[in-house]
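Here is the naming used below: chain letters follow the sequence lines, and residue numbers restart at 1 for every chain.
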Amino acid sequence: MAQTFQTYIFLDLESTGLAHDCPRITEICLVAVHLHSLQNPERDEAGDLLLPHVVDKVCLCVDPVIPLTSKAAHMTGLSNEKLSLNQKQSFSPELLGLLRDFLERQDQPICLVAHNGFSYDFPLLKTELQRVQGDFSGPLSCLDSCKVLRTIDPIPNSVRIWKGYYTLPEVYRRFFGKEPQRSHCAEGDVLTLLMIFLHKAQDFLRWVNIMSLSWAKIVPMYTP
DNA sequence: TGCCAGGCCCTCTTTAGGGCCTT
């Protein structure tokens, strides 16, 4: 049965590597936006979309305990040394409690949104939750923005080289004609994703019931 | 330097193969 999600939480993770590296999270950012703000976006005097002003936001750096791959360190600008010198804690039951509190304070029901989330962010987050013997409770759904974009923004026949067509920066460039800010920083990528969603809000909201999955159906990336 | 994984999607498909997207 179709439901109307009242809150969309845009999510991005930075981590020590890709799935084959059995990665650990190094940075997590969640930005919660109410349906009202998505349906009634703010614009500047020129009519350009603005980021919603009324949002709840959590951004945390996490000690991954294991080494970052050189590529992940280069991309994210994070390092084990930086995280250690800044006394960052590892993913803990307390962090799970914080994330649960963040979800519970939002107007329900909630849909998490991440780019390539079905393949990467959601399974990795589920693995970290499993590591601390926990999980999110209650009805919670999730949506992969990459999957939706493949439907609502199909590749034109005139485009011959389509590698990178649905990467987060490329979609942003296509929609807004400028470079996204702070790529490969969790908060930067979340805000880029939020703007992309706002740009196609009507389409995303139309497809969300068909393409979203229950959080309970997300399979952990690997067994911790 | 490029590969490494894997679920998903597309097509020169479905008795399969290859590429994307995420760090």
Calculate the interatomic distance between [X] atom [atom1] and [N] atom [atom2]; express it in whole Å.
| X | N | atom1 | atom2 | result |
| --- | --- | --- | --- | --- |
| Lys217(A) | dG7(B) | NZ | P | 16 Å |
| Asp144(A) | dG6(B) | CG | P | 18 Å |
| Asp21(A) | dC3(B) | CG | C1' | 11 Å |
| Ile218(A) | dC8(B) | CD1 | C1' | 13 Å |
| Tyr166(A) | dT22(B) | OH | P | 13 Å |
| His20(A) | dT23(B) | NE2 | C1' | 9 Å |
| Leu168(A) | dT23(B) | CG | P | 8 Å |
| Phe122(A) | dT22(B) | CZ | P | 13 Å |

Pull out every residue in residues 183-191 of chain A that has a heavy atom closer than 4.0 Å to any atom of DNA chain B, ordered by number, or say none.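 Heavy-atom cutoff 4.0 Å gives His184(A), Asp189(A).
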
Side chains of Gln106(A) and Asp56(A): is there a donor and an acceptor less than 3.5 Å apart?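 Indeed, the side chains of Gln106(A) and Asp56(A) share at least one donor-acceptor pair under 3.5 Å.
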
Does a donor on one side chain and an acceptor on the other come within less than 3.5 Å for His115(A) and Asp144(A)?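 No, no side-chain donor-acceptor pair sits under 3.5 Å.
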
More than 12 heavy atoms of other groups within 6.0 Å of Arg43(A) CZ: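 It does: Arg43(A) CZ has more than 12 such atoms within range.
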
How about Gln202(A): does its CD atom have over 12 heavy atoms from other parts shown lying under 6.0 Å from it?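 For Gln202(A), atom CD is not crowded (no more than 12 foreign heavy atoms under 6.0 Å).
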
Side chain of Ser119(A) only, please: which of dT22(B), dT23(B), dG7(B) is the nearest?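 Per side-chain heavy atoms of Ser119(A), the pick is dG7(B).
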
From the list dC9(B), dT22(B), dT23(B), which nucleotide is the closest neighbour of the side chain of Lys147(A)?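 Given the options dC9(B), dT22(B), dT23(B), the side chain of Lys147(A) is closest to dC9(B).
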
Could you work out the separation of [N] and [M] based on their [atom1] atoms and round it to a whole Å?
| N | M | atom1 | answer |
| --- | --- | --- | --- |
| dT14(B) | dC8(B) | C1' | 16 Å |
| dC4(B) | dG19(B) | P | 11 Å |
| dC3(B) | dC9(B) | P | 24 Å |
| dG17(B) | dT13(B) | C1' | 9 Å |
| dC21(B) | dT1(B) | P | 22 Å |

Cation over ring, Arg150(A) on Tyr165(A), under 6.0 Å and within 45°?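 Cation-pi check for Arg150(A) and Tyr165(A): fails.
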
Counting the atoms with a prime plus P, OP1 and OP2 as sugar-phosphate, which does Leu13(A) contact under 4.0 Å by heavy atoms, base, sugar-phosphate, or nothing?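 The answer is sugar-phosphate, as Leu13(A) gets under 4.0 Å only of primed atoms, P, OP1 or OP2.
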
What contact category does Leu68(A) fall into here, base, sugar-phosphate, or nothing, at under 4.0 angstrom with non-hydrogen atoms?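 The residue Leu68(A) makes no contact with any strand.
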
Residue from Arg174(A), Arg173(A), Lys178(A), Glu179(A) passing side-chain contact (heavy atoms from CB on, under 4.5 Å) with Phe176(A):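 So the option named by the test is Lys178(A).
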
I want to confirm an ordering. Mapping Ala19(A) and Thr76(A) to their closest nucleotides on DNA chain B, which one lands closer to the 5' end?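 Nearer the 5' end of the strand: Ala19(A).
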
Does Lys126(A) come within less than 4.0 Å of Asp135(A), counting only side-chain N to carboxylate O?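 A salt bridge is present here (some side-chain N lies under 4.0 Å from a carboxylate O).
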
Salt-bridge criterion met for Arg182(A) and Asp189(A) (N-O under 4.0 Å):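 Looking at Arg182(A) and Asp189(A), the cut-off is not met.
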
